[in-house]
Asks: 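Dropping the structure in here first, questions after.
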Amino acid sequence: MRAFVYSGQPARVVFGAGSLAHLERELDLLGARRALLLATPGHADPAGDIADRLPRRVVGVFARAAMHVPVEIARQAREEARRLDADCVIAFGGGSTTGLGKAIALESGLPILAIPTTYAGSEMTPIYGITEDGLKKTGSDPRVLPRTVIYDPALTLTLPVGLSVTSGINAIAHAAEGLYARDGNPVMDLLAEEGIRALAQALPALRQRADDLAVRGDALYGSWLCGTVLGNVGMALHHKLCHTLGGSFELPHAQVHTVVLPQAMAFNAPAAPLAMQRIERALGTSGRASAPAALFDLARDNGAPVSLKEIGMRREDLDRAAQIAVGNPYWNPRPIDAAQRGEIRDLLQRAFDGVRPD
Ligand SMILES: NC(=O)C1=CN([C@@H]2O[C@H](COP(=O)(O)OP(=O)(O)OC[C@H]3O[C@@H](n4cnc5c(N)ncnc54)[C@H](OP(=O)(O)O)[C@@H]3O)[C@@H](O)[C@H]2O)C=CC1
Ligand SMILES: O=C(O)/C=C\C(=O)CC(=O)O
């Protein structure tokens with residue numbers, strides 16, 4: 001057993017179909033009397049329904065959350081929280097909505113109650129991101145970790161199958177990189193392996209039966225575990241590449257993760273054999289397909305994109321992407337610096353073309 005440090009992060013989890021019904025109880029437990037409810041524009045109606053059911057707890061709805069938390073939206077939401085004298089924010093939606101809640105909490109210290117509707121996993125992390133002048137800055141602060149999370153699989157029934165698959169693979173990516181994290185520990189390894197297993201079984205089933213609450217529950221359970229791994233240990237090359245491609249080239253978040261993950265794993269596999277074994281075991285492909293190949297197959301066989309060209313990347317931007325990705329040094333199991341620009345460029349070319357790794 002290797003030496004490690006483990007710090008549990010406090011969050012109360014209420015899980016199960018119909019658990020949204022416990023919202024008032026959970027607000028009471030937080031001591032919240034004046035909650036501001038956040039959502040994306042597309043979720044304004046269901047957010048309004050929730051607010052209507054709790055008129056004495058929810059004092060306003062701000063349904064303007066947007067991908068990567070544009071700073072102007074964050075300013076407006078903070079102002080709305082101040083204007084309404086809110087004492088809590090409810091983030092009802094995917095990673096974009098949770099991210100907006102974090103932007104408010106970062107400044108005000110207000111507690112967040114998160115109700116996730118995708119599998120991105122942000123609700124389990126102290127990581128925040130805010131985008132200004134086209135540049136997304138991320139950081140970590142314990143104030144932005146949601147205090148309570150209500151996971152209600154019924155709220156994910158409407159998540160389109162395509163986004164369900166890519167969002168699930170976004171979650172798997174957190175666990176996969178967690179398995180070779182420099183600051184990893186045996187508890188996170190267990191969660192990572194179980195999270196990958198749950199999602200790898202749920203995604204094909206969900207493609208067949210998108211309205212099956214049990215399958216949706218399995219996917220959300222996997223997403224919780226994978227998000228917990230992201231919140232507890234450091235990420236590496238894969239997340240760095242996705243951050244570059246999403247931030248500088250405006251590619252859609254979950255789809256970028258889905259395309260890049262097999263290629264990033266193939267790059268790191270020689271330096272992380274134990275992590276690869278665990279991923280193969282979790283995917284159920286030990287002895288049949290390597291971790292990178294199995295992750296590629298999971299995406300392709302479930303109708304998800306496998307190439308950057310399919311999701312809007314331009315061939316002429318690959319050089320710049322490789323340059324940005326090696327621009328700032330960061331830890332990776334296979335060390336990366338400017339000298340590897342060529343290898344990272346090759347990785348991006350394979351991702352662009354959608355080449356199945358060996
Ligand atoms: N800080 C962290 O730890 C993490 C942050 N993130 C961040 O989160 C963002 C991505 O989050 P992600 O969840 O992928 O995407 P979004 O939150 O942007 O959601 C994508 C779209 O999905 C739709 N949607 C969400 N839930 C449902 C549902 N149940 N039914 C139907 N449609 C739904 C929404 O559409 P509509 O507009 O119609 O409501 C939304 O526009 C990125 O900015 C990423 O950087 C991701 C992971 C971790
Ligand atoms: O960029 C952020 O908001 C912070 C982390 C992530 O998005 C994690 C991820 O790439 O899924």
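Just so you know, ligand 1 is whichever comes first in the structure, and atom 1 is the first atom listed for that ligand. What you see below is based on every heavy atom in this structure, not just the backbone, and it leaves out hydrogens, waters and symmetry mates.
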Asks: Does the residue K102 have a heavy-atom contact with ligand 1, meaning some pair of atoms that are separated by less than 4.0 Å?
Replies: yes

Asks: Taking all non-hydrogen atoms of both residues into account, name the closest pair between T258 and A299 and its distance.
Replies: CG2-CB, 3.6 Å

Asks: Looking only at protein heavy atoms, which one is nearest to atom 35 (O) of ligand 1, and what is the separation?
Replies: T40 OG1, 4.3 Å

Asks: Would R82 and E107 pass as an ion pair if we require N to O under 4.0 Å?
Replies: yes

Asks: Salt-bridge test for E132 and K137: reply yes if a basic N is under 4.0 Å from a carboxylate O, no otherwise.
Replies: no

Asks: In terms of atom number and element, which parts of ligand 1 are under 4.0 angstrom from non-hydrogen atoms of G94?
Replies: 13 (O), 17 (O)

Asks: I need the atoms of ligand 1 closer than 4.0 Å to a non-hydrogen atom of L155, numbered in the order shown.
Replies: 29 (N)

Asks: K136 heavy atoms, cut-off 4.0 Å: which ligand 1 atoms fall inside?
Replies: 43 (O), 44 (C), 45 (O)

Asks: Considering only heavy atoms of H239, which atoms of ligand 2 have at least one such atom less than 4.0 Å away?
Replies: 8 (C), 9 (C), 10 (O)

Asks: Can D297 and R356 be counted as an ion pair, charged N to O under 4.0 angstrom?
Replies: yes

Asks: Starting from atom 19 (O) of ligand 1, which protein heavy atom do you reach first, and at what distance in Å?
Replies: T118 CG2, 4.3 Å

Asks: Among all protein heavy atoms in this structure, tell me which lies nearest to atom 30 (N) of ligand 1, with the distance rounded to 0.1 Å.
Replies: T158 OG1, 2.8 Å

Asks: Kindly indicate whether a cation-pi arrangement holds for R314 with F249, taking the cut-offs as under 6.0 Å to the six-membered ring centre and within 45° of the axis.
Replies: no

Asks: Which of the numbered atoms in ligand 1 are below 4.0 angstrom from a heavy atom of M67?
Replies: 9 (C), 10 (C), 18 (O), 42 (C), 43 (O)

Asks: Taking the side chain as everything from C-beta on, heavy atoms only, tell me whether F62 gets closer than 4.5 Å to L100.
Replies: yes

Asks: What's the shortest distance from atom 3 (O) of ligand 1 to any protein heavy atom, and which residue and atom give it?
Replies: T125 OG1, 2.6 Å

Asks: Give yes or no for whether the N/O distance cutoff of 3.5 Å, strictly under, is met between N170 and ligand 1.
Replies: no

Asks: Do the charged groups of D141 and K102 touch, with an N to O distance under 4.0 Å?
Replies: no

Asks: Can you sort out which atoms of ligand 1 are near S122, meaning under 4.0 Å from one of its heavy atoms?
Replies: 1 (N), 2 (C), 3 (O), 4 (C), 5 (C), 48 (C)

Asks: Could you tell me, atom by atom, which parts of ligand 1 come under 4.0 Å of a heavy atom of H68?
Replies: 42 (C), 43 (O), 45 (O)

Asks: Given 3.5 Å as the limit, does a donor-acceptor pair link the side chain of N332 with the main chain of L237, or not?
Replies: yes

Asks: If hydrogens are left out, which of S223, A120, S164, S167 has an atom nearest to atom 47 (C) of ligand 1, that is, the closest non-hydrogen atom?
Replies: A120

Asks: R320 and S248: side-chain donor and acceptor closer than 3.5 Å?
Replies: no

Asks: Could you identify the single nearest non-hydrogen protein atom to atom 32 (N) of ligand 1 and state the distance to 0.1 Å?
Replies: H43 CE1, 3.7 Å

Asks: Regarding H257 and H238, do their side chains bring together a donor and an acceptor under 3.5 Å, going by distance alone?
Replies: yes

Asks: Heavy-atom contacts with T138 under 4.0 Å: which atoms of ligand 2 show up? List them by number with element.
Replies: 1 (O), 2 (C)

Asks: With a 3.5 Å distance limit and no angle check, can you tell me whether T125 reaches the backbone of G121 through a side-chain donor-acceptor pair?
Replies: no

Asks: For F92 and H43, take the angle between the two ring planes, folded into 0 to 90°, and tell me which bin it lands in: parallel under 30, tilted 30 to 60, perpendicular over 60.
Replies: perpendicular

Asks: For P153, is there any backbone N or O sitting under 3.5 Å from a side-chain donor or acceptor partner on T156?
Replies: yes

Asks: Pull out every atom of ligand 1 sitting under 4.0 Å from any heavy atom of L230, numbered as shown with elements.
Replies: 3 (O), 48 (C)

Asks: Do R33 and D87 sit within salt-bridge range, that is, some charged N less than 4.0 Å from a carboxylate O?
Replies: no

Asks: H174 to ligand 1: N or O pair under 3.5 Å?
Replies: no

Asks: Counting non-hydrogen protein atoms only, what is the nearest one to atom 4 (C) of ligand 2? Give residue, atom name and distance.
Replies: I127 CG2, 3.7 Å

Asks: Could you tell me which atoms of ligand 1, counted from 1 in the order shown, lie closer than 4.0 angstrom to a heavy atom of H253?
Replies: 10 (C), 42 (C), 44 (C), 45 (O), 46 (C)

Asks: Mind checking whether H253 contacts ligand 2 via backbone (N, CA, C, O), side chain (CB onward), both or neither, at a 4.0 Å heavy-atom cut-off?
Replies: side chain

Asks: Any protein heavy atom sitting closer than 4.0 Å to atom 43 (O) of ligand 1?
Replies: yes

Asks: Parallel, tilted or perpendicular: which describes the rings of F15 and Y221, with under 30° parallel and over 60° perpendicular?
Replies: perpendicular

Asks: So is there a nitrogen or oxygen of T117 less than 3.5 Å from a nitrogen or oxygen in ligand 1?
Replies: yes

Asks: Between I127 and ligand 1, does any nitrogen or oxygen pair lie at a separation below 3.5 Å?
Replies: yes

Asks: Nearest 0.5 Å, please: how far is OG in S223 from CE in M124?
Replies: 8.5 Å

Asks: Flag the pair E26 and R12 as a salt bridge only when some basic side-chain nitrogen lies within less than 4.0 angstrom of an acidic carboxylate oxygen.
Replies: yes

Asks: For atom 20 (C) of ligand 1, what's the nearest protein heavy atom and its distance?
Replies: L163 CD2, 4.1 Å

Asks: Which heavy atom of the protein is the closest neighbour of atom 38 (O) of ligand 1, given with residue, atom name and distance?
Replies: G42 CA, 3.4 Å

Asks: Considering non-hydrogen atoms of the protein only, which is the closest contact for atom 2 (C) of ligand 2, and what is the distance?
Replies: K136 NZ, 3.4 Å

Asks: Answer yes or no: is there an ion pair linking R2 with D189, defined by an N-O contact shorter than 4.0 Å?
Replies: yes

Asks: Could you tell me, atom by atom, which parts of ligand 2 come under 4.0 Å of a heavy atom of H257?
Replies: 9 (C), 10 (O), 11 (O)

Asks: Tell me whether the centres of the aromatic rings in H243 and H239 are closer together than 6.0 Å.
Replies: no

Asks: So which bit of H174 gets within less than 4.0 Å of ligand 2, heavy atoms only: side chain, backbone, both or neither?
Replies: side chain

Asks: Please report whether atom 5 (C) of ligand 1 has a protein non-hydrogen atom at a separation of less than 4.0 Å.
Replies: yes

Asks: Who's closest to atom 8 (O) of ligand 1 heavy-atom-wise, of G95, G93, A66?
Replies: G95

Asks: Which residue supplies the protein heavy atom nearest to atom 18 (O) of ligand 1, what is that atom called, and how far is it?
Replies: S96 OG, 2.5 Å

Asks: For ligand 2, indicate whether the residue N170 contacts it via side chain, backbone, both or neither (heavy-atom separation under 4.0 Å).
Replies: side chain

